[in-house]
Amino acid sequence: MRRNHMSIFDEYGSVIKSITADNGPEFSTLTSVMDSIAPVYFTHPFTSSERGINEVHNRMVRRDFPKGISLDEATPAEVAQTAKKLNNLPRKIVGYQTPTELFNKECNEINTICLTPITENSLESVF
């Protein structure tokens with residue numbers, strides 16, 4: 001089942017500090033949809049260096065969905081599997097913790113009620 005932005009906000013809104021996107025057409029309505037949730041920032045055209053971590057993650061996603069394969073053709077289960085893999089991949093820059101661990105820690109530290117903490121199995125319900 002697909003979740004919309006409001007359910008994500010209801011669940012994790014106090015954790016979301018900002019949203020950064022590039023200038024692709026897929027983000028043309030992002031400000032109107034998300035501005036009430038968090039400030040929305042756009043990078044300058046043709047400056048992928050302003051989104052370094054995003055570019056790293058794009059390369060990781062492309063391991064499962066090689067360039068030339070449209071993500072529109074990916075099933076929700078395939079996307080969830082890739083998200084699960086990436087969210088549970090330890091990162092050297094944060095002392096080999098995983099994004100899932102860090103996200104849950106942030107929720108706990110700011111005393112946010114996370115109705116459904118991210119686990120290996122919960123990502124399947126996101127898509």
Side-chain angles (χ1 to χ4, degrees):
M1 182 171 100
R2 218 171 243 283
R3 292 178 0 167
N4 65 32
H5 72 281
M6 289 311 290
S7 68
I8 291 170
F9 175 72
D10 292 341
E11 219 167 317
Y12 305 111
S14 59
V15 177
I16 300 170
K17 306 295 185 214
S18 67
I19 300 164
T20 304
D22 64 23
N23 293 293
E26 66 273 20
F27 298 116
S28 63
T29 61
L30 187 63
T31 300
S32 63
V33 172
M34 302 300 280
D35 203 29
S36 64
I37 294 171
V40 177
Y41 301 99
F42 292 91
T43 60
H44 295 94
F46 307 105
T47 54
S48 59
S49 63
E50 292 181 349
R51 307 176 290 112
I53 286 291
N54 177 256
E55 293 299 318
V56 168
H57 289 114
N58 287 347
R59 281 193 298 275
M60 290 177 173
V61 168
R62 288 297 181 193
R63 290 177 187 159
D64 291 343
F65 304 101
K67 198 167 187 169
I69 293 176
S70 173
L71 293 178
D72 291 334
E73 298 172 17
T75 67
E78 290 170 328
V79 173
Q81 182 178 0
T82 297
K84 178 175 142 180
K85 180 170 50 172
L86 295 182
N87 285 328
N88 289 290
L89 180 68
R91 310 294 166 87
K92 181 179 179 180
I93 195 166
V94 289
Y96 296 97
Q97 295 177 86
T98 69
T100 297
E101 292 168 334
L102 292 170
F103 183 81
N104 289 331
K105 180 179 175 183
E106 181 70 13
C107 285
N108 291 332
E109 283 182 9
I110 62 174
N111 202 20
T112 299
I113 298 172
C114 291
L115 300 176
T116 309
I118 295 178
T119 64
E120 288 187 21
N121 297 322
S122 68
L123 286 170
E124 294 166 10
S125 67
V126 173
F127 300 98

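Residue numbers start at 1 and run along the sequence shown. Remember, predicted model here, so these are calculated numbers, not experimental data.
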Working to the nearest 0.5 Å, report the span between [atom1] of [X] and [atom2] of [Y].
| X | Y | atom1 | atom2 | result |
| --- | --- | --- | --- | --- |
| Glu73 | Phe65 | CD | CZ | 11.0 Å |
| Leu89 | His57 | CG | NE2 | 8.0 Å |
| Gln97 | Lys105 | CD | NZ | 5.0 Å |
| Asn87 | Phe103 | CG | CZ | 9.5 Å |
| Asp64 | Gln81 | CG | CD | 7.0 Å |
| Phe27 | Ile19 | CZ | CD1 | 10.5 Å |

Minimal non-hydrogen separation, [X] against [Y], with atom names:
| X | Y | value |
| --- | --- | --- |
| Arg62 | Ile69 | NH1-O, 3.2 Å |
| Ala38 | Ile16 | CB-CG2, 3.7 Å |
| Pro90 | Tyr96 | CB-O, 3.3 Å |

Are there over 12 heavy-atom neighbours, none belonging to Lys17, within less than 6.0 Å of that residue's NZ?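 Yes, the 6.0 Å shell around NZ holds more than 12 heavy atoms from other groups.
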
Apart from Val94 itself, what residues make up its hydrophobic cluster when side-chain heavy atoms of I, L, V, M, F, W and Y under 4.5 Å apart count as a link, directly or indirectly?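 Val94 clusters with Ile93, Leu102.
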
Given side chain to side chain contact (heavy atoms under 4.5 Å, CB included), test Glu78 with Leu71 step by step and report yes or no. CA-CA 10 Å; Glu78 290 170 328; Leu71 293 178; over 6 Å; no

Under a 4.5 Å side-chain heavy-atom rule over Ile, Leu, Val, Met, Phe, Trp and Tyr, are Ile37 and Tyr41 clustered together?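 Ile37 and Tyr41: separate clusters.
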
Has the side chain of Thr82 got a donor or acceptor atom that lies under 3.5 Å from a matching backbone atom of Val61?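 Such a contact is absent between Thr82 side chain and Val61 backbone.
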
Looking at Thr29 and Ser32, would you say the former's side chain and the latter's main chain have a donor-acceptor pair under 3.5 Å?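 Such a contact is absent between Thr29 side chain and Ser32 backbone.
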
Can you find a side-chain donor-acceptor pair between Thr98 and Asn88 that sits under 3.5 Å?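 Per modelled atom types, Thr98 and Asn88 side chains form no pair under 3.5 Å.
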
